[in-house]
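Have a look at the structure below before the remarks.
Quantities reported herein were computed from a predicted structural model and do not represent experimental measurements. Atoms considered below: every heavy atom in the structure, side chains included; atoms not considered: hydrogens, waters and symmetry mates.
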Amino acid sequence: MSSRSRLVAASAFALTRWRARTLADRGRLERYQVARLKALKADVSRTMAYYRPFRDQPFEAWPVIEKAEMAAHFDQMNLARIDAATVRAAIAAGQERVGGFVVGQSTGTSGNRGYYLISDRERFVWLGVILAKTLPDALWRRHRVALALPGLSSLYRSASSGSRISLGFFDLGEGVEAWADDLTAFAPDTIVAPPKVLRWLSEQGRLSAQTIFSGAEVLDPVDREIIEAATGRVVCEIYMATEGLFGVSCPHGVLHLAEDVVHFEWSRPSRDSALQSPIVTDFTRRTQALVRYRMNDLLELSDQPCRCGSPYQAVKRIEGRADDMLQLAGAGGAVRIVTPDVVRNAIVDSHPSIRDFRLVQTGPATIRVWLAADVPGEAEDRVRTGLGARLAALGVLPEIIVARGFDLPFDRKLRRVRRDFS
């Protein structure tokens with residue numbers, strides 16, 4: 001890391017800590033966001049071809065865009081006028097830069113990939129922000145941080161040189177057992193990994209880090225319970241995607257949205273659920289605009305103040321993805337939307353031996369559930385009964401097929417509830 005990059009990261013770190021102190025109530029935070037939105041709107045309508053036609057319209061009238069539209073108009077949403085095909089080809093060739101800019105892509109969980117383009121300065125602003133929110137003492141205390149995340153890019157590796165933080169990178173594609181000994185030898189004080197990795201390490205008695213962050217996947221309550229019981233420590237979360245950093249847990253383990261760097265709007269995919277999907281606008285992105293971008297995530301927001309005193313919106317839970325909501329046909333043919341939490345709770349509550357499962361909707365009225373091989377036989381009947389009763393209360397009576405055995409994928413995201421039927 002050059003001295004200039006280090007200065008950018010340190011400045012972003014200091015500004016993030018300053019905002020955490022000065023934006024002390026909701027009113028100040030909202031006034032700050034209004035000012036940042038005004039500046040962003042003026043900037044992108046001047047520099048980005050896609051947004052010029054909306055220059056004189058109120059922000060609420062600007063288009064809400066999704067992944068496919070962003071890919072189609074990628075060259076009109078970045079300063080370098082680089083198109084998505086160029087980024088895609090560069091990544092396929094093993095390159096991390098195009099035209100002097102850092103490029104990357106999402107893991108493609110939902111079937112298509114998202115792409116990003118950022119400057120070096122934005123990369124180190126990101127670094128400063130995430131360090132300020134996860135390791136607020138990083139400027140004066142040394143840390144050893146283990147990262148086991150999918151798609152590790154130069155965003156993460158930017159922190160590995162010339163700083164007070166020693167990073168250890170561990171490849172999920174190799175499987176945890178392949179590097180568990182190396183992780184122990186690295187002796188991290190902080191670890192960032194998907195919950196399935198944290199759970200495996202804790203069950204093996206190999207999760208010794210004092211600070212534990214879950215990231216890259218949904219942290220299910222069953223995983224949190226097992227990890228915290230095994231380690232005696234609070235599991236925090238980092239809510240981050242290809243599109244940016246969206247939230248970090250406070251010391252109490254409550255996830256707070258990063259509203260000092262991202263503006264959030266909300267849409268509700270199902271009127272029968274408290275879950276909402278965010279529409280995000282990133283204040284820090286100027287190389288590639290991220291304005292009113294609809295995420296596919298499902299969140300339940302908290303209406304209670306957090307003990308930490310932060311005015312940043314607290315999140316009760318991240319539930320999963322909107323395209324994992326089940327779409328089950330009722331007796332009259334009407335389709336009922338069922339959110340992942342409904343079926344997950346019904347299955348886990350069916351029998352105390354159930355600590356993991358997989359559920360896939362395979363047809364308009366067909367569900368397959370896989371249980372671990374070692375749960376007792378009566379658990380199968382209880383799952384059919386419990387899940388069937390819960391769905392019947394919602395007006396659907398699908399066929400429920402229960403089987404045994406499933407894999408724990410370390411080379412891709414774990415999705416316990418999935419819809420494979422369109």
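With a 4.5 Å cut-off on side-chain heavy atoms, Glu265 and Pro278 do not count as touching. Using a 4.5 Å cut-off on side-chain heavy atoms (C-beta onward), Leu257 and Tyr312 make no contact. Proximity of Val261 to Arg19: side-chain heavy atoms (C-beta onward) are separated by under 4.5 Å at one or more points. With a 4.5 Å cut-off on side-chain heavy atoms, Glu66 and Tyr293 do not count as touching. When side chains are defined from C-beta on, Asp189 does not count as touching Thr211, because their heavy atoms never get closer than 4.5 Å. Residues Glu69 and Tyr50 are in side-chain contact: their nearest non-hydrogen atoms beyond the backbone lie under 4.5 Å apart. Between Asn296 and Lys67 the shortest side-chain heavy-atom distance does not fall below 4.5 Å. Put simply, the side chain of Cys306 reaches to within 4.5 Å of the side chain of Cys250, judged on heavy atoms.
In summary, Asp220 and Arg416 engage in a salt bridge, as defined by a charged side-chain N under 4.0 Å from a carboxylate O. The pair Lys196-Asp223 fails the salt-bridge criterion, with no side-chain N (NZ, NE, NH1 or NH2) lying under 4.0 Å from an Asp/Glu carboxylate O. Of the charged side-chain nitrogens involved, at least one lies within less than 4.0 Å of a carboxylate oxygen, so that Asp420 and Arg418 count as a salt-bridged pair. Of the charged side-chain nitrogens involved, none lies within less than 4.0 Å of a carboxylate oxygen, so that Arg382 and Asp349 do not count as a salt-bridged pair. A salt bridge links Glu300 to Arg317: at least one charged side-chain nitrogen sits closer than 4.0 Å to a carboxylate oxygen. Contact check on Asp260 versus Lys133 returns a salt bridge, with a Lys/Arg side-chain nitrogen under 4.0 Å from an Asp/Glu carboxylate oxygen. Salt bridge absent: Arg206 and Glu177 never bring a charged side-chain N and a carboxylate O closer than 4.0 Å. A salt bridge links Arg28 to Asp25: one of the charged nitrogens lies within less than 4.0 Å of a carboxylate oxygen.
Of the N and O atoms on the side chains of Glu122 and Tyr116, not one donor lies less than 3.5 Å from an acceptor on the other residue. Checking Arg294 against Ser267 by side-chain atom types alone, a donor-acceptor pair falls below 3.5 Å.
With values rounded to the nearest 0.5 angstrom, Gln210 atom CD is found 10.0 Å from Leu207 atom CG. Taken to the nearest 0.5 Å, the OG atom of Ser11 stands 13.5 Å off from the CH2 atom of Trp18. Taken to the nearest 0.5 Å, the CG atom of Leu290 stands 7.0 Å off from the CD atom of Gln288. With values rounded to the nearest 0.5 angstrom, Leu117 atom CG is found 5.0 Å from Asn78 atom CG. Between Leu394 atom CG and Leu328 atom CG the span is 9.0 Å, to the nearest 0.5 Å. The line from CD1 of Ile354 to CZ of Phe357 is 9.0 Å long, rounded to the nearest 0.5 Å.
Arg419 contributes no side-chain N or O that, together with a main-chain N or O of Leu326, makes up a donor-acceptor pair within less than 3.5 Å. Between the side chain of Arg321 and the main chain of Asp324, no donor-acceptor pair closer than 3.5 Å is present. Counting only distance, with no hydrogens or angles, the side chain of Glu217 and the backbone of Leu414 share a donor-acceptor pair below 3.5 Å. In terms of modelled atom types and a separation under 3.5 Å, the side chain of Gln276 and the main chain of Trp266 share no donor-acceptor contact. Glu228 places a side-chain N or O within 3.5 Å of a backbone atom of Val235 that can act as its donor or acceptor partner. Under the 3.5 Å distance criterion, the side-chain polar atoms of Arg286 are matched with a main-chain donor or acceptor of Phe283. Side-chain atoms of Ser249 come within 3.5 Å of backbone atoms of Glu237 as a donor-acceptor pair (strictly under, hydrogens ignored). In this structure, Gln76 contributes its side chain and Arg81 its backbone to no donor-acceptor pair below 3.5 Å. Under a 3.5 Å cut-off, the side chain of Arg144 and the backbone N or O of Phe186 do form a donor-acceptor pair. Although no hydrogens or angles enter the test, the distance criterion places a donor-acceptor pair under 3.5 Å between the side chain of Thr281 and the main chain of Arg292.
When all heavy atoms of Leu198 and Ile212 are compared, the pair lying nearest together is CD1-CG2, 3.7 Å. Scanning both residues, Gly253 and Cys236, for their nearest heavy atoms gives CA-SG, 4.2 Å. When all heavy atoms of Pro195 and Gly215 are compared, the pair lying nearest together is CD-O, 4.0 Å.
Surrounding CZ of Arg307 are at most 12 heavy atoms belonging to other residues, nucleotides or ligands under 6.0 Å away. A 6.0 Å sphere centred on CZ of Arg26 holds more than 12 heavy atoms belonging to other residues, nucleotides or ligands.
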Could you walk me through whether Arg123 and Trp126 pass side chain to side chain contact (heavy atoms under 4.5 Å, CB included), step by step? CA-CA 5 Å; Arg123 179 167 60 129; Trp126 173 91; 5.6 Å; no
Before giving the answer on side chain to side chain contact (heavy atoms under 4.5 Å, CB included), spell out for Val248 and Phe213 the whole-Å C-alpha distance, their side-chain angles and the decisive distance to 0.1 Å. CA-CA 9 Å; Val248 176; Phe213 282 103; 4.0 Å; yes
Would Ser277 and Leu298 count as a side chain to side chain contact (heavy atoms under 4.5 Å, CB included) here? Give the steps. CA-CA 5 Å; Ser277 291; Leu298 294 171; 3.7 Å; yes
Should Thr86 and Asp83 be marked as a side chain to side chain donor-acceptor pair (under 3.5 Å) after you check the CA-CA gap, both sets of side-chain angles, and the distance that decides it? CA-CA 6 Å; Thr86 301; Asp83 59 30; 2.6 Å; yes
Steps toward salt bridge (charged side-chain N to carboxylate O under 4.0 Å, His left out) verdict (Arg384, Glu399): CA-CA 9 Å; Arg384 291 189 191 92; Glu399 179 186 13; over 6 Å; no
Worked verdict on Tyr239 versus Asp297 for side chain to side chain donor-acceptor pair (under 3.5 Å): CA-CA 10 Å; Tyr239 176 28; Asp297 302 326; 2.7 Å; yes
Checking side chain to side chain contact (heavy atoms under 4.5 Å, CB included) for the pair Leu201/Leu183: CA distance, chi angles, key distance, verdict? CA-CA 10 Å; Leu201 291 169; Leu183 177 70; 3.6 Å; yes
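Using a 30° and 60° split on the angle between ring planes, Trp179 and Phe170 fall in the tilted class, from 30° to 60°. Aromatic ring pairs are classed by plane angle as parallel below 30°, tilted from 30° to 60° and perpendicular above 60°; the pair His263 and Phe59 is perpendicular. Taking the six-membered ring where the residue is Trp, Tyr115 and Phe74 present perpendicular rings, their angle passing 60° and hence far from 30°.
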Report, one line per pair, each donor and acceptor closer than 3.5 Å where one atom sits in a side chain of residues 385-393; sequence neighbours left out.
| unit_1 | atom_1 | unit_2 | atom_2 | d |
| --- | --- | --- | --- | --- |
| Thr385 | OG1 | Asp381 | O | 3.0 |

Tabulate below the donor-acceptor pairs under 3.5 Å that side-chain atoms of residues 364-378 make, not counting sequence neighbours, or state none.
| unit_1 | atom_1 | unit_2 | atom_2 | d |
| --- | --- | --- | --- | --- |
| Glu378 | OE2 | His351 | NE2 | 2.8 |

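The only option from Val44, Val291, Ile65 that meets the side-chain contact (heavy atoms from CB on, under 4.5 Å) definition with Met77 turns out to be Ile65.
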